[in-house]
Amino acid sequence: MSQSDTEHHVIELGVNVDHIATLRQARGTTYPCPVQAADIARQAGADGVTVHLREDRRHIQDQDVYRIRREVALPMNLEMATTQEMLKIALEVLPKECCLVPEKRAELTTEGGLDVLSQESALTDYIAELSAAGILVSLFIDPEPTQIEASQRVGAAIVELHTGQYAEAHGAEAEAELARIQTAAQVAHGLGLQVNAGHGLHYQNVAPIAQIPEVVCLNIGHAIVSRAAITGFYEAVFAMKQIMNGARLEGEGAGF
Ligand code: PXP
């Protein structure tokens with residue numbers, strides 16, 4: 001192992017496959033399949049798979065969650081709202097981690113972090129039920145020390161720091177957001193919490209977040225699915241043209 005290997009901070013990638021399901025739901029087809037995508041992520045070196053089972057089921061469906069848990073050899077991080085329906089599903093699926101997120105039906109994606117401070121007693125009971133089943137509970141919060149301290153009080157094992165504001169900012173504002181996340185990571189680590197981060201991370205903005213020493217895992221979805229659509233586009237057009245001209249599609253790589 002070279003010196004740079006030993007010095008390099010090893011960080012995990014949790015691949016969020018929600019938007020593979022978004023594409024499927026847009027046409028009501030059976031493809032593209034998030035189970036297949038999760039397994040490809042595994043083959044490519046992902047450390048975990050993340051799925052957000054939303055209350056409105058706009059992308060990931062219940063069957064996807066059960067199938068990925070059964071069929072894909074990766075630790076699962078199940079993102080969900082703090083409802084009784086989701087608690088029941090989580091206790092059946094038994095993912096390695098549950099990440100509790102705020103959910104509003106009209107939002108395009110998860111817009112802000114969970115306000116832990118305003119619901120400490122309800123969250124304490126909810127987290128206790130998941131923890132008793134051996135599930136590690138993660139809270140998706142804004143990088144604010146008060147929310148981190150509250151996360152520790154309610155019994156979370158992990159905080160996932162919301163990087164959305166960092167991802168949307170530019171220049172000095174992005175630097176300030178990065179500093180806020182770095183400080184939050186130190187505070188959380190100091191309190192004994194595992195530190196994850198995610199939301200809005202892409203190929204141009206991920207590096208400074210991946211270099212924060214306290215951060216253990218990044219959960220990334222939209223940018224990966226988007227890049228796959230573009231980098232895979234040439235092959236997809238080429239294969240279609242070949243089949244139209246009499247070629248046979250080989251292997252199951254295309255999946256559909
Ligand atoms: N982490 C959490 C808690 C999320 O809700 C999401 C979006 O579902 C992500 C990470 C991934 O965000 P993105 O799709 O922007 O990479």
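Numbering of ligands and ligand atoms starts at 1, following listing order.
- Considering backbone and side-chain atoms alike, His52 places every N or O at 3.5 Å or more from each N or O of ligand 1.
- For ligand 1, the atoms sitting less than 4.0 Å from at least one non-hydrogen atom of Asn16 are 8 (O), numbered in the order shown with element in parentheses.
- A single hydrophobic cluster is seen to contain both Leu191 and Ile127, as judged by linkage of ILVMFWY side chains at heavy-atom distances under 4.5 Å, directly or through other members.
- Tyr203 carries Arg227 over the face of its six-membered ring, with the cationic atom under 6.0 Å from the centre and within 45° of the normal.
- Thr163 places a side-chain N or O within 3.5 Å of a backbone atom of Gly198 that can act as its donor or acceptor partner.
- Residue contact check: His222 has heavy atoms under 4.0 Å from atoms 13 (P), 14 (O), 16 (O) of ligand 1.
- For ligand 1, the atoms lying closer than 4.0 Å to a non-hydrogen atom of Asn219 are 10 (C), 11 (C).
- Residue-level proximity to ligand 1 for Glu79 is carried by the side chain, the only part with a heavy atom below 4.0 angstrom.
- The pair Glu103-Arg57 fails the salt-bridge criterion, with no side-chain N (NZ, NE, NH1 or NH2) lying under 4.0 Å from an Asp/Glu carboxylate O.
- Near Val101, the atoms of ligand 1 lying under 4.0 angstrom from a non-hydrogen atom of the residue are 3 (C).
- The option with the heavy atom closest to atom 7 (C) of ligand 1, from among Glu103, His199, His162, is His199.
- Residue Gly221 has at least one N or O atom closer than 3.5 Å to an N or O atom of ligand 1.
- Heavy atoms only, all atoms of each residue included: Leu193 and Ala156 are closest at CD2-O, 3.2 Å.
- When only interatomic distances are considered, the shortest N/O to N/O separation between Glu160 and ligand 1 falls below 3.5 Å.
- Ligand 1 lies less than 4.0 angstrom from a heavy atom belonging to Gly200.
- The aromatic rings of His199 and His162 sit tilted, their planes meeting at an angle between 30° and 60°.
- Judged by distance alone, the side chain of Asp56 and the main-chain N or O of Arg58 form a donor-acceptor pair under 3.5 Å.
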